Amino acid sequence: MSKVIVSALYNSDVFKMACRQFDKAADAINLPEAIRDRTKYPRRCLSVALPIKRDDGSVTVFEGYRVQHNLSTGPAKGGIRFHQSVTIGEVAALAMWMSWKCSLVGLPYGGAKGGVIVNPGQLSAGELERLSRRYMQEMINFIGPHIDIPAPDVGTNETIMGWMMDTYSNHVGHNEPAVVTGKPLALGGSQGRREATGAGVAYLIKKYLEDMKIPIQKATVAIQGFGNVGSEAALALSNYGAKIIAISDYTTGIHDPKGIDVRKALDYVNYARVLKDYHLGEPITNEQLLELKCTVLVPAALERVITDKNAGKLKCRLLAEAANGPTTNAADRILDRREEIEIIPDVLCNAGGVVVSYFEWLQNLQNFYWSRDEVLAKLFTILDRAKDSVEFQKRKFKFSRRLAAQTLGIARVAEAKQSRGLFP
Ligand code: NAD
């Protein structure tokens, strides 16, 4: 058994959860002791203080982080989260998962993640811009197109990526779109990037339902989180013919067994910013949403929402983890025993985002741009290949699907580290 070293710096429930997943996977594939801790722990991190002038003339100092988990398989890659509950331990766990995800789908990247402790909804547009630019300014020596390439995550979006790209480009003195992905199209963003994560989630759901012999037109879907990933997954799934019976954000949930008009709900959120007071459907809580009877449950908000308290009460046939780390390890043990529920684990399920981020980076480096159809076709080819490799690993070693996906990702990172050797 691998020892669990609890890092003083990253110590948090979510970091411990990622470490235990690593230990389990490392044991399952007999990863040599000599390579374990090197593969497990983040390579380096930066913590920054971000003083921002508020609209009323006062100054607030926000705290921000960037954790680079692995730089052995390419430059690091991962989103930046703006949320009031960000901790450096959470950012480190998310960076670890990025390493395994990139490696699972075969991208030439290591994993990274960034975060700022802030509720972006409480900042004016000007304050948000100053915070985003300041974060990038502080990161300039730590990131770059061949070092670490950020992207959007919870609480950040295309506009913020545009400000960050502009800040970096002004600093280096030339246009450098490849420094971040998820940018507006006008700044070198990729066709298909905005919808990539949700479209990938929906595509994999369709594929797994086919394997389960459930016609997607007969499937009902409940989605927690109606931001970029949740709303795009909802749109793509309803285009495939599935019925979306519940959606939610941090303010409320909406339930309509007859089916929610996703486009209308999205128009409402674009106007009102949140689902609160949306009148079509019955209000429900996020806890109720997770326990609804449905064919597919899609957590697409934050981590650790499926716990040992509610795992026994889920009434779905397929749990599609669009969010990172939505299922605690204790919940996973319960779900392992519930054979009627299939799981698409996060590192596979939401990989569409980083795959199209990779395409965006390639297009920026080559200054040669692709059509949306080309982007999505290439994305689905990569997801098919990753799904096949996970299913093969699952069958070969009689692993759960999560363990199959994680062992593939971890083994490839460990192999790269082993092959590079230890410097000096
Ligand atoms: P987002 O900020 O666009 O949306 C987040 C949504 O979750 C919002 O609707 C928000 O209201 C809701 N939410 C926040 N706290 C909640 C709570 N406590 N209960 C219920 N809902 C809550 O973020 P996103 O980019 O859609 O990311 C969602 C998840 O997908 C995250 O786990 C993220 O790490 C993961 N992910 C995102 C991408 C990407 O490309 N954006 C890629 C891979 C994985």
Side-chain angles (χ1 to χ4, degrees), residues 14 77-86 90-91 93-98 100-102 105 107 111-116 118-121 150-161 180-183 189-190 192-201 204 222-235 246-254 265-266 268-270 272-276 278 284-290 298-306 320-327 344-360 379 383:
V14 65
K77 185 93 191 77
I80 299 171
R81 179 171 291 194
F82 282 5
H83 194 273
Q84 59 276 16
S85 63
V86 160
E90 177 190 53
V91 175
L94 290 162
M96 258 171 117
W97 288 324
M98 279 305 292
W100 308 344
K101 187 185 307 177
C102 291
V105 293
L107 303 182
K113 207 80 180 189
V116 177
V118 60
N119 180 347
D153 190 73
V154 175
T156 55
N157 56 25
E158 279 180 16
T159 309
I160 290 176
M161 293 306 115
V180 292
T181 58
K183 300 177 294 293
S190 177
R193 174 60 185 89
R194 185 184 302 170
E195 60 268 44
T197 312
V201 168
L204 287 168
I223 303 179
Q224 183 194 43
F226 201 59
N228 171 275
V229 179
S231 66
E232 291 293 347
L235 280 174
I247 54 175
S248 73
D249 65 10
Y250 74 92
T251 62
T252 189
I254 304 289
L266 202 50
Y268 179 82
V269 169
N270 286 338
R273 291 177 70 164
V274 288
L275 278 170
K276 191 165 177 286
Y278 186 59
I284 51 167
T285 65
N286 270 285
E287 292 70 32
Q288 288 168 327
L289 179 142
L290 294 173
V298 187
L302 298 179
E303 52 273 1
R304 298 171 62 80
V305 293
I306 298 169
E321 295 184 339
N324 286 304
T327 307
I344 314 178
D346 51 3
V347 288
L348 173 64
C349 191
N350 66 36
V354 71
V355 170
V356 178
S357 272
Y358 167 60
F359 295 162
E360 181 173 328
L379 165 65
L383 292 181

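For ligands, and for the atoms within them, numbers begin at 1 and follow the listed sequence. Basis for what follows: all heavy atoms, side chains included, without hydrogens, waters or symmetry-related copies. Quick caveat: nothing in here was measured; it's all calculated off a predicted structure.
Looking at Gly155, Gly227, Gly121, it is Gly155 that brings a heavy atom closest to atom 2 (O) of ligand 1. Ranked by closest heavy atom to atom 37 (C) of ligand 1, the top entry among Thr251, Val355, Val229, Val354 is Val229.
Asn228 places a side-chain N or O within 3.5 Å of a backbone atom of Arg194 that can act as its donor or acceptor partner. A donor-acceptor pair under 3.5 Å is absent between the side-chain atoms of Glu232 and the main chain of Val229, judged by distance alone. No donor-acceptor distance shorter than 3.5 angstrom exists from the side chain of Thr156 to the backbone of Phe82, with no hydrogens or angles considered. With hydrogens and angles ignored, the 3.5 Å screen pairs a side-chain donor or acceptor of Asn286 with a backbone N or O of Asp249. For Ser357 (side chain) and Thr181 (main-chain N/O), no donor-acceptor pair under 3.5 Å exists by modelled atom type. Judged by distance alone, with hydrogens and angles left aside, the side-chain atoms of Asn350 form a donor-acceptor pair with the main-chain N or O of Ala322 at under 3.5 Å.
Annotation: atom 40 (O) of ligand 1 to nearest protein heavy atom, Thr197 OG1, 2.8 Å. Looking only at heavy atoms of the protein, atom 35 (C) of ligand 1 is closest to Asn324 ND2, 3.7 Å. The protein heavy atom nearest to atom 29 (C) of ligand 1 is Ala301 O, 3.2 Å. Atom 34 (O) of ligand 1 has its closest protein heavy atom at Asp153 OD1, 2.7 Å. Scanning all protein heavy atoms for the shortest distance to atom 23 (O) of ligand 1 gives Val154 CA, 3.3 Å. Asn228 N, 2.9 Å is the protein heavy atom nearest to atom 3 (O) of ligand 1. Counting protein heavy atoms only, atom 28 (C) of ligand 1 is closest to Ala300 O, 3.3 Å. The protein non-hydrogen atom at the shortest distance from atom 9 (O) of ligand 1 is Phe226 N, 3.0 Å.
Under a 4.0 Å criterion applied to the non-hydrogen atoms of Ala323, ligand 1 contributes the atoms 29 (C), 30 (O), 32 (O). Within ligand 1, counting atoms from 1 as listed, the ones closer than 4.0 Å to a heavy atom of Leu302 are 15 (N). The contact set between ligand 1 and Arg81, taken as ligand atoms under 4.0 Å from a residue heavy atom, comprises 31 (C), 32 (O), 33 (C), 34 (O).
Annotation: Tyr250 places an N or O atom under 3.5 Å from an N or O atom of ligand 1; distance criterion only.
Contact annotation: for Asp249 versus ligand 1, heavy atoms closer than 4.0 Å belong to both the backbone and the side chain. Residue contacts with ligand 1 for Ala322 involve N, CA, C or O but no side-chain atom from C-beta outward (heavy atoms, distance under 4.0 Å). Residue contacts with ligand 1, taken as heavy atom pairs separated by less than 4.0 Å, do not involve Ser357 at all. The proximity of Arg193 to ligand 1, defined as any non-hydrogen pair under 4.0 Å, is limited to the side chain.
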side-chain contact (heavy atoms from CB on, under 4.5 Å) evaluation trace for Leu302 with Arg81: CA-CA 11 Å; Leu302 298 179; Arg81 179 171 291 194; 3.9 Å; yes
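Here the side chains of Val354 and Lys101 are in contact, with some heavy-atom distance below 4.5 Å. Proximity of Leu379 to Phe359: side-chain heavy atoms (C-beta onward) are separated by under 4.5 Å at one or more points.
Taking the charged nitrogens against the carboxylate oxygens, Glu158 and Arg193 have no contact shorter than 4.0 Å, which rules out a salt bridge.
Here the options are Val86, Val14, Asn324, the test is side-chain contact (heavy atoms from CB on, under 4.5 Å), and the partner is Leu94; only Asn324 passes.
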